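Notes for the one structure printed next.
Quick note: residue numbers are just sequence positions, from 1. Just so it is clear, the structure is predicted and the values come from calculations on it, not from any experiment. In each ligand, atom 1 is the first atom listed, and ligand 1 is the first ligand listed.
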Amino acid sequence: MRYISTRGEAPALGFEDVLLTGLATDGGLYVPESLPHFDLEEIRSWRGLSYSELAFNVMHPFVDDAIPADDFRKMLDETYSVFAHKAVAPLVQLDTNEWVMELFRGPTLAFKDFALQLLGRLLDYVLEKRKQHVVIMGATSGDTGSAAIEGCRRCEHVDIFILHPYQRVSEVQRRQMTTVQGENIHNIAVRGNFDDCQRMVKESFGNQSFLGGKTQLAAVNSINWARIMAQIVYYFHASLALGGPDRSMAFSVPTGNFGDIFAGYLAKKMGLPISQLVIATNRNDILHRFMSGNKYEQHQLEHTLSPSMDIMVSSNFERLLFDLHGRDGLAVKTLLENAAKGPVSIEAYRWKHARKLFDSDAVDDKATCDTIREIYEQNEYLLDPHTAIGVRAARNCRRDQAVPMITLGTAHPAKFPDAVAESGVSVEPPLPAHMADLFEREERYTVLDNNIDGVQAFIAKHWKNA
Ligand SMILES: *Cc1c(COP(=O)(O)O)cnc(C)c1O
């Protein structure tokens, strides 16, 4: 399998190199040159498989001969055995034909574990083979950081530096990052917001001279192709559990960087019958504004009760734009260069095509709280604020009651107790047993100014062989 850049100029790469590369050299994102396609009979034959067996079938074409099949199988078995539920991604029913897929049974209680538990193992496998070392540098508004740290804590060939906005992530989220012990784990709290953190990461990837040529940066943010790949699997898993592929499914996806929902779009293109994909955003609604008015325009960042979706631009949206433009990299490049300067639109027929693929909704904090309370009152089931946005958008956008509507449950409610309290539900969501002592564990992090030179100097000084 070969991978090409969405901006059309960077060289095509194989799976191993795509794994280790962040942004392509032309500023684009890597996507598969062509997608595997499964017919209904083949998908049907996957009924009853364990999660990791299904994961092998869905992902193997992307990995191809980069990893021998037996090694990849073993890696997947290990990856999904760390989840605290036998079904890995259990489905919970809310109402007739309405479901939540719980993607928060992994070590850090958010869906990002699905990809990052695998990514850590993939990286270490490839680096071991190549006798190389990497520094993972990432920015997090909360969930990515802890999932990346958990995914890499046992990697021998990786040091990981995670930047989070100082005092802008929930206490549970911070503790999940800062209490993980390991020589190769480094938490940096930046006096700034998430976008400041992200900008420093981006710039560091653009110029890695601060590492003195002794190691290289690797990305674990959602632009890393392997993360998208791992997220395709659970769309197949949900469908097969509810009578697919002989009936189609609808999915509602709490969306920030457009990674998770892009995986759903790929599942559909790979042959899975999906009749509706709902983009659910909070008040940081650039995607909803684009879908409803064909105007792609950055607004000020808003802080909401769903901080993992507090972003101004959705980096993975570029991957969809690439397809909407007939995979014309130059057109994408021009469009996004213009988008950096001001609002842009795309040709009407392309936009109409996007509207056929996706519905969208923006849900504010009040509606988020109302939904948490409503579902609790109806079902005694607690939603986290991100999942609540998905459920609300699913209800607002639903096209066909006969089609099962599945909201991706992206985080465990215990990660966001403040939002649950604000909703008026008087029970406190308990942390699962494996995290019950989180508030007693010792924390380790360094607070640094919002200044790239200081951050880079810190990294240069603290990685393993520095
Ligand atoms: C990361 C995250 C999201 C957004 O996912 P994207 O792939 O960035 O769209 C939604 N909910 C939670 C809880 C998250 O951690």
Relative to the heavy atoms of [X], which atoms of ligand 1 are at a distance of less than 4.0 Å?
X      : result
Asp260 : 7 (O)
Ala411 : 13 (C)
Met309 : 10 (C)
Lys112 : 1 (C), 2 (C), 3 (C), 14 (C), 15 (O)
Thr410 : 10 (C), 11 (N), 12 (C), 13 (C)
Gly259 : 6 (P), 7 (O), 9 (O)

Describe, in one word, how the ring planes of [X] and [Y] are oriented to each other, choosing from parallel (under 30°), tilted (30 to 60°) and perpendicular (over 60°).
X      : Y      : value
Phe15  : Tyr3   : tilted
Tyr445 : Tyr166 : tilted
Tyr296 : Phe290 : perpendicular

Report yes or no: does a heavy atom of Phe111 sit under 4.0 Å from some atom of ligand 1?
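It does, in that a heavy atom of Phe111 comes within the 4.0 Å cut-off of ligand 1.
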Is the distance from the ring center of Trp225 to that of Phe62 below 6.0 Å?
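Yes - the distance between ring centres of Trp225 and Phe62 falls below the 6.0 Å cut-off.
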Determine, using ring centers only, whether Tyr376 and Tyr381 are less than 6.0 Å apart.
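No, ring centres 6.0 Å or more apart.
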So that I can tick it off, tell me whether [Y] and [X] are bridged by a salt bridge, with the cut-off set at under 4.0 angstrom between side-chain N and carboxylate O.
X      : Y      : result
Glu171 : Lys415 : no
Arg399 : Asp359 : yes
Arg154 : Asp124 : no
Glu98  : Arg398 : no
Asp195 : Arg199 : no

With only distance considered, is [X] within less than 3.5 Å of ligand 1 through an N or O on each side?
X      : result
Asn257 : yes
Gln231 : no
Phe416 : no
Thr255 : no

Looking only at protein heavy atoms, identify the closest one to atom 13 (C) of ligand 1 and say how far it is in Å.
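In this structure, atom 13 (C) of ligand 1 has Asp143 OD2, 3.1 Å as its nearest protein heavy atom.
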Looking at atom 9 (O) of ligand 1, what's its closest protein heavy atom, distance included?
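Answer for atom 9 (O) of ligand 1: Gly256 N, 2.8 Å.
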Measure Lys415 to ligand 1 on non-hydrogen atoms and call it side chain, backbone, both or neither using the 4.0 Å cut-off.
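Answer for Lys415: neither.
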For Phe258, which part has a heavy atom under 4.0 Å from ligand 1: side chain, backbone, both, or neither?
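The answer is the backbone.
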